[in-house]
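Working notes, structure below.
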Amino acid sequence: MSTSQCTGWWHQIGLGRQPMEQLWLRIEGTSIEGAGVDIIAPFTFSGKFRPDGSIEMIKQYERMHGVLYVGRYDGEGTLFGTWDINGYRGEWLIRFDRPVAGSTEIEEVLPLAH
């Protein structure tokens, strides 16, 4: 299991680029979980990544709506793609900053993008 503090943002027309703060992701097998807070509310992430480097996560806001995050891993510490709420979309990006609790395996655990 690898946990990493991360830097991330999402972009929405009218709101611009919004940071995700206190962001962390944990990788275990092919599962991704995490949490953070942004301009909307605190949230959790849960999802999967596949051997081809594709990512699919649900960002679930506390006591609110969920957002589908679909994208790719670049093989060098960055996840990026498109978020979607019932057809309304924007871009997002998450970069692994540093391992937490002595873990150094994030890049080795995630699949390489082809």
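Values reported hereafter were calculated over all heavy atoms of this structure, with side chains retained and with hydrogens, waters and symmetry mates removed.
Cluster membership check: Ile40 shares its hydrophobic cluster with Leu23, using side-chain heavy-atom separations under 4.5 Å among Ile, Leu, Val, Met, Phe, Trp and Tyr. Linking Ile, Leu, Val, Met, Phe, Trp and Tyr whenever their side-chain heavy atoms come within less than 4.5 Å leaves Ile58 and Trp83 in two separate clusters. Hydrophobic clustering places Ile85 together with Met64 (ILVMFWY residues linked when any side-chain heavy atoms are closer than 4.5 Å, directly or through intermediates). Note: the hydrophobic cluster containing Leu15 does not contain Leu68 (ILVMFWY, side chain heavy atoms under 4.5 Å, direct or indirect links). Residue Leu93 is not grouped with residue Trp24 when hydrophobic side chains (ILVMFWY) are merged at heavy-atom distances under 4.5 angstrom, including chains of intermediate members.
Checked against the 6.0 Å centroid threshold, Phe49 and Tyr73 do not count as a close aromatic pair.
Here the rule is side-chain contact (heavy atoms from CB on, under 4.5 Å) with Val67, and of Phe45, Tyr61, Phe43 only Tyr61 fits it.
Contact of the Leu25 side chain with the Ser4 side chain is not registered, since no non-hydrogen atoms from C-beta on lie closer than 4.5 Å.
For the pair Trp92 (side chain) and Thr82 (backbone), a donor-acceptor distance under 3.5 Å is present. Within the 3.5 Å criterion, the main-chain N or O of Ser31 finds no donor-acceptor partner in the side chain of Arg26.
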Item to check | Worked verdict on Leu79 versus Phe96 for side-chain contact (heavy atoms from CB on, under 4.5 Å) | outcome: CA-CA 8 Å; Leu79 307 172; Phe96 296 105; 4.1 Å; yes
Item to check | Chi angles and distances behind the side-chain contact (heavy atoms from CB on, under 4.5 Å) call for Glu91, Arg17 | outcome: CA-CA 9 Å; Glu91 297 176 332; Arg17 186 178 285 186; 5.9 Å; no
Checklist entry - Run the side-chain contact (heavy atoms from CB on, under 4.5 Å) check on Ile32 and Met57 step by step: do they pass? => result CA-CA 8 Å; Ile32 302 172; Met57 302 185 293; 3.8 Å; yes
Next on the checklist: Walk me through whether Asn86 and His65 qualify under side-chain contact (heavy atoms from CB on, under 4.5 Å).
Outcome noted: CA-CA 11 Å; Asn86 298 321; His65 62 282; over 6 Å; no
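The CD1 atom of Ile39 sits 9.5 Å away from atom CD of Gln12, with the distance rounded to the nearest 0.5 Å. Atom-to-atom distance recorded for Thr44:OG1 and Glu62:CD is 8.5 Å, nearest 0.5 angstrom. Atoms CD1 and NZ, from Ile55 and Lys48 in turn, are 12.0 Å apart once rounded to the nearest 0.5 Å.
Closest heavy-atom contact between Asp97 and Cys6: OD2-C, 3.3 Å. Here the shortest heavy-atom pairing between Asp84 and Arg89 reads OD2-NE, 2.7 Å.
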